[in-house]
Protein chains: 2
Amino acid sequence: MKLTSKGRYAVMALVDLARFDNISPVSLRDISLRQGISLDYLEQIFSKLRKNQIVQSVRGTQGGYVLNKKAKEIKLTNIFDAVDEKVKTVQCKKESKKGCNGKLTKCVTHNLWDDLDKHINNFFEQKSLEDLVKDNSEKRI
Amino acid sequence: MKLTSKGRYAVMALVDLARFDNISPVSLRDISLRQGISLDYLEQIFSKLRKNQIVQSVRGTQGGYVLNKKAKEIKLTNIFDAVDEKVKTVQCKKESKKGCNGKLTKCVTHNLWDDLDKHINNFFEQKSLEDLVKDNSEKRI
DNA sequence: ATAAACCTGACTAAAATAGTCAAGTATCAT
DNA sequence: ATGATACTTGACTATTTTAGTCAGGTTTAT
């Protein structure tokens with residue numbers, strides 16, 4: 001099990017954005033430089049974040065992105081959902097009455113993955129962007 | 001983020017084993033048939049489980065595998081560790097004092113992944129093989 | 001007008017995954 | 001003893017996912 005860079009970058013970029021977007025829109029170029037993430041890749045990520053109403057874009061010179069909601073209202077769940085960073089556990093065909101892998105019974109671990117899903121998503125639902133920004137600024141000297 | 005088949009299969013196979021190994025060693029062939037997992041793949045998985053002292057092998061005719069500890073004492077953590085199903089979150093170079101991606105400061109989300117690690121591992125440490133076997137037999141008719 | 005910055009889609013190298021395949025070795029039942 | 005069963009090991013491979021790159025736009029402040 002692993003977290004991919006896409007999810008990690010999305011969070012890093014949004015924390016960056018949350019810090020600076022009250023002054024003026026933040027350009028991806030700036031985020032790219034500060035966070036060390038490829039500009040082209042950031043564009044892909046922000047395209048998804050925008051489609052999911054997490055950020056708003058401001059076009060033209062001096063343009064960039066701003067958060068679409070308050071940092072407090074953006075949970076990690078929302079971010080991960082937006083960039084398709086999902087907790088995939090059970091690959092069983094849920095549609096089929098026969099259950100997992102065409103077997104007659106549910107695979108013995110079916111419920112386990114459901115529980116795990118809940119457990120992880122619970123964590124993601126607790127944490128907001130604001131929490132992360134605070135965590136980070138506290139540790140600054 | 002996802003759970004791979006290897007971890008899923010390992011758990012499925014061990015639950016199967018826990019059910020039947022008090023009668024006699026369980027052959028991989030039987031597990032393969034009951035759980036619908038390729039025999040060759042099971043062999044890879046059990047090789048790792050054996051090296052990590054989770055199961056014992058019994059060679060020869062009527063041979064197979066038995067659990068090396070009581071089902072209660074085998075936690076999911078142990079199983080996932082054995083088959084290299086790890087929760088990978090931070091890919092930052094921990095050795096370097098410079099921290100994540102060669103930046104001067106820790107990447108803003110560094111602590112987040114640490115927390116997530118703990119949260120998930122906490123779940124895995126709670127659940128034992130016995131829990132899974134019980135869960136499953138209760139739901140049988 | 002022109003440069004900054006967003007926007008889109010197609011493409012690709014590298015890594016991970018989910019196996020397969022081949023060639024053993026050990027041991028029990030007869 | 002000998003054959004069948006079942007464990008053991010290591011190499012190989014097709015597919016998928018990841019983590020980007022690349023090329024071409026469009027919008028708008030100045």
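Convention: sequence-line order gives letters A, B, ...; per-chain numbering from 1.
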What integer distance in Å separates [X]:[atom1] from [N]:[atom2]?
| X | N | atom1 | atom2 | value |
| --- | --- | --- | --- | --- |
| B/I37 | C/dT20 | CD1 | C1' | 16 Å |
| B/D30 | D/dA6 | CG | P | 7 Å |
| B/L39 | C/dA18 | CG | C1' | 15 Å |
| A/K48 | D/dT18 | NZ | P | 10 Å |
| B/Y41 | D/dT9 | OH | C1' | 16 Å |
| B/D84 | C/dT17 | CG | P | 10 Å |
| B/I31 | D/dA6 | CD1 | P | 12 Å |
| A/E43 | C/dG9 | CD | C1' | 12 Å |

Distance check: side-chain N/O of [X] vs OP1/OP2 of [N], anything under 4.0 Å?
| X | N | value |
| --- | --- | --- |
| B/Y65 | D/dT8 | yes |
| B/R50 | D/dT8 | yes |
| B/T4 | C/dA16 | no |
| B/S27 | D/dC7 | no |
| B/Y9 | C/dT17 | no |
| B/S5 | C/dT17 | no |
| A/S57 | C/dC7 | yes |

Is it true that a side-chain atom of [X] and a backbone atom of [Y] form a donor plus acceptor pair closer than 3.5 Å?
| X | Y | answer |
| --- | --- | --- |
| B/D16 | B/M12 | no |
| B/S32 | B/I37 | yes |
| B/N52 | B/L49 | no |
| B/H119 | A/N122 | no |
| A/N68 | A/Q56 | no |
| A/N121 | A/D117 | yes |

Residue-level proximity of residues 74-83 of chain A to DNA chain C when a heavy atom falls under 4.0 Å: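 Those residues whose heavy atoms fall under 4.0 Å from DNA chain C, taken from residues 74-83 of chain A, amount to none.
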Footprint string (nucleotides 25-30 of chain D, 5' to 3'): B base within contact, S backbone only, - free, heavy atoms under 4.0 Å: -BBBB-
SB check A/D84 A/K6 (cutoff 4.0 Å): no
Test side chain to side chain donor-acceptor pair (under 3.5 Å) applied to A/D21 - qualifying residues, sequence neighbours left out: none
Distances under 3.5 Å between protein N/O atoms and the N/O atoms of nucleotides 10-15 of chain D, please, pair by pair.
none

Separation between CD1 of A/I54 and CD1 of A/I79, rounded to the nearest 0.5 Å: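 Answer for the CD1-CD1 pair, A/I54 versus A/I79, is 6.0 Å.
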Qualifying residues under side chain to side chain contact (heavy atoms under 4.5 Å, CB included), relative to B/D115, sequence neighbours excluded: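 Result, side chain to side chain contact (heavy atoms under 4.5 Å, CB included) vs B/D115: A/F123, A/K127, B/K118.
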With B/E43 via side chain to side chain contact (heavy atoms under 4.5 Å, CB included) - residues at least two apart: B/L28, B/L39, B/D40
Aromatic plane relationship, B/Y9 with B/Y41 - under 30° parallel, 30 to 60° tilted, over 60° perpendicular: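 B/Y41 and B/Y9: perpendicular rings.
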Minimum heavy-atom distance B/V133-B/R19, with the two atoms named: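 That closest heavy-atom pairing would be CG1-CG, 4.3 Å.
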Sugar-phosphate only, base, or nothing, as touched by A/V26 at under 4.0 Å among non-hydrogen atoms: sugar-phosphate
Sugar-phosphate only, base, or nothing, as touched by B/F46 at under 4.0 Å among non-hydrogen atoms: nothing
5'-most by nearest nucleotide on DNA chain D - B/S47 or A/G7: B/S47
